[in-house]
Protein chains: 2
Amino acid sequence: MTNVHALVPDRPVARKRDADATRAAILAAAKVHFARSGYDGAFLRDIAADAGADAALINRYFGGKDGLFAAALKDSIRPDAISQWDRKTFGRDIAKMMANHAHQDNERMHAFQFLLRAATSPATAPLLNEAVQNRFLGPIRAWIGGEQAPARARIVASIFIGLLVERLIRDEPLADNEREAFIERTGTLLQSLVER
Amino acid sequence: MTNVHALVPDRPVARKRDADATRAAILAAAKVHFARSGYDGAFLRDIAADAGADAALINRYFGGKDGLFAAALKDSIRPDAISQWDRKTFGRDIAKMMANHAHQDNERMHAFQFLLRAATSPATAPLLNEAVQNRFLGPIRAWIGGEQAPARARIVASIFIGLLVERLIRDEPLADNEREAFIERTGTLLQSLVER
DNA sequence: GATCTATGTCAACGGCGAATGACATAGGCC
DNA sequence: GGCCTATGTCATTCGCCGTTGACATAGATC
């Protein structure tokens, strides 16, 4: 099976011998694969192939599959990413993003889906509680602020995750009329949670 | 490792030779294991052990792991279950259930978590689109009714799933004050989606 | 250009878990 | 009681995938 995602070129560019570059290529491919297939479903040989590298190098550079996963996880969580959302349009922005078809991916969505995979994969549970609680829920709570911030943050995070899953398992675009209603309702709903 | 869930007795009751009974025992054990560990993380030997049966019987009765999963999935989705919710208290009922600690399980939660595992496990994706769309989203849509039912149903389902995931990865009970606020806000939020 | 090290390649190995098929036996049927 | 089939048990096979170590070679250093 050839790789399906545009972020990783089908014919990897030939690299000179460059440890840093191959390390980066492996990491990039790993993020895609883990996001798409979860920990168990992602295979080192496939990742290496997409990165134009040899599977043995994964062990050399990351110490094994666990190390690669941890590195990819770390690289996927940007603690400051949340604060960059616009408070005024937050709800509608998220809603729009989620209304997209699952296969119209972009890098931000990939990071989210990676987190989702990590969160729901039993094999990676030990890593995850820390990461999700401290790096996802915590920042949201701080960003939201105001009264009952913990509860509101938890609800926002939950809805966020739910939309992500729904998007993941939905295999067709939303019908136009449903799409409008979906964005409108989801948007205002999230927005109201942010504002008070 | 011995099984941890009360639904499956530690020392399975000795059965007479009874294909239906062992089939049922295997199915029950499978639902627990799949719900707890997902498709990849559940092992036929463990399931068989918990059911007090031999792993080979799984192949005989269900045709393999896939067949067992499909059977467990089918058995976990009761199309009529949704209509039994009380329209007046729906929001708060769900919110309360979700506020519980993840390890305080009951049979209903098990079914939900099974669905969640199925939804997020790539190995089972082919099965899922049909199941979730037709047996989960569809019934919710019909039950909700009214204006913009498709969009509202989708949002309710998404929130539902999100709460499920949040509950799954949260490893400690909610603090008392957050708990109250969480139930109150989530409850009214869901309720408003049901009512209009 | 000789040498040396970092980088990359290749071919195994080993474990694990699903699947298979041969064998054992309980329990009905005549 | 003597078969006969459905049910259960056991040992083995098979394939997959992470990992390992031996080997090849590019490219820097002198």
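Letters A, B, ... are given to chains in the order of the sequence lines, protein chains preceding strands, and every chain is numbered from 1.
Heavy atoms from other residues, nucleotides or ligands lying under 6.0 Å from CG of B:Asp176 number 12 at most. Counting heavy atoms of neighbouring residues, nucleotides and ligands inside a 6.0 Å radius, atom CD of B:Glu180 does not exceed 12 of them.
Summarising the geometry, the separation between CD1 on A:Ile47 and C1' on D:dC16 is reported as 15 Å, rounded to the nearest angstrom. In this entry the distance linking CG of B:Asn59 with C1' of D:dC14 reads 13 Å, nearest Å. When the P atom of C:dT25 is taken as reference, atom CG of B:Asp18 falls 21 Å away, rounded to whole Å. For the pair B:Leu57 CG and D:dG8 P, the computed distance is 6 Å after rounding to whole Å. The nearest whole Å value for the distance from the CG atom in B:Asp54 to the C1' atom in D:dT7 is 11 Å. One can place CZ of A:Arg45 at 11 Å from C1' of D:dG15, the figure rounded to the nearest angstrom. Between A:Phe62 atom CZ and D:dG18 atom P the separation is 15 Å, expressed in whole Å. Rounded to a whole Å, the CZ atom of A:Phe34 is 9 Å from the P atom of D:dG18.
For A:Glu147 and A:Arg152, the salt-bridge test fails: no basic side-chain N is under 4.0 Å from an acidic carboxylate O.
At a threshold of 4.0 angstrom between heavy atoms, the contacts of A:Tyr61 are confined to the sugar-phosphate backbone, with no base atom among them. Within the 4.0 angstrom heavy-atom criterion, only backbone atoms of the sugar-phosphate kind lie near A:Ala42; the bases stay farther away. Among the protein residues, B:Ala55 comes within range of no part of the nucleic acid, since none of its heavy atoms lies under 4.0 Å from any strand. Among the protein residues, A:Leu44 comes within range of the sugar-phosphate backbone only, with heavy atoms under 4.0 Å from sugar or phosphate atoms but none that close to a base.
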Problem set entry | Worked check of side-chain hydrogen bond (donor to acceptor under 3.5 Å, both in side chains) between A:Asp46 and A:His33 | CA-CA 8 Å; A:Asp46 292 349; A:His33 278 260; 5.1 Å; no
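Ranked by how close their nearest DNA chain D nucleotide is to the 5' end, A:Arg60 and A:Phe43 are led by A:Phe43.
For A:Phe114 and A:Tyr39, the distance between ring centers is not under 6.0 angstrom.
Side-chain nitrogen and oxygen atoms of B:Thr22 include none within less than 4.0 Å of the OP1 or OP2 phosphate oxygen of D:dT7.
Between C:dG17, C:dA12, D:dA26, one nucleotide has an atom nearer to the side chain of A:Arg17 than all others, and that is D:dA26.
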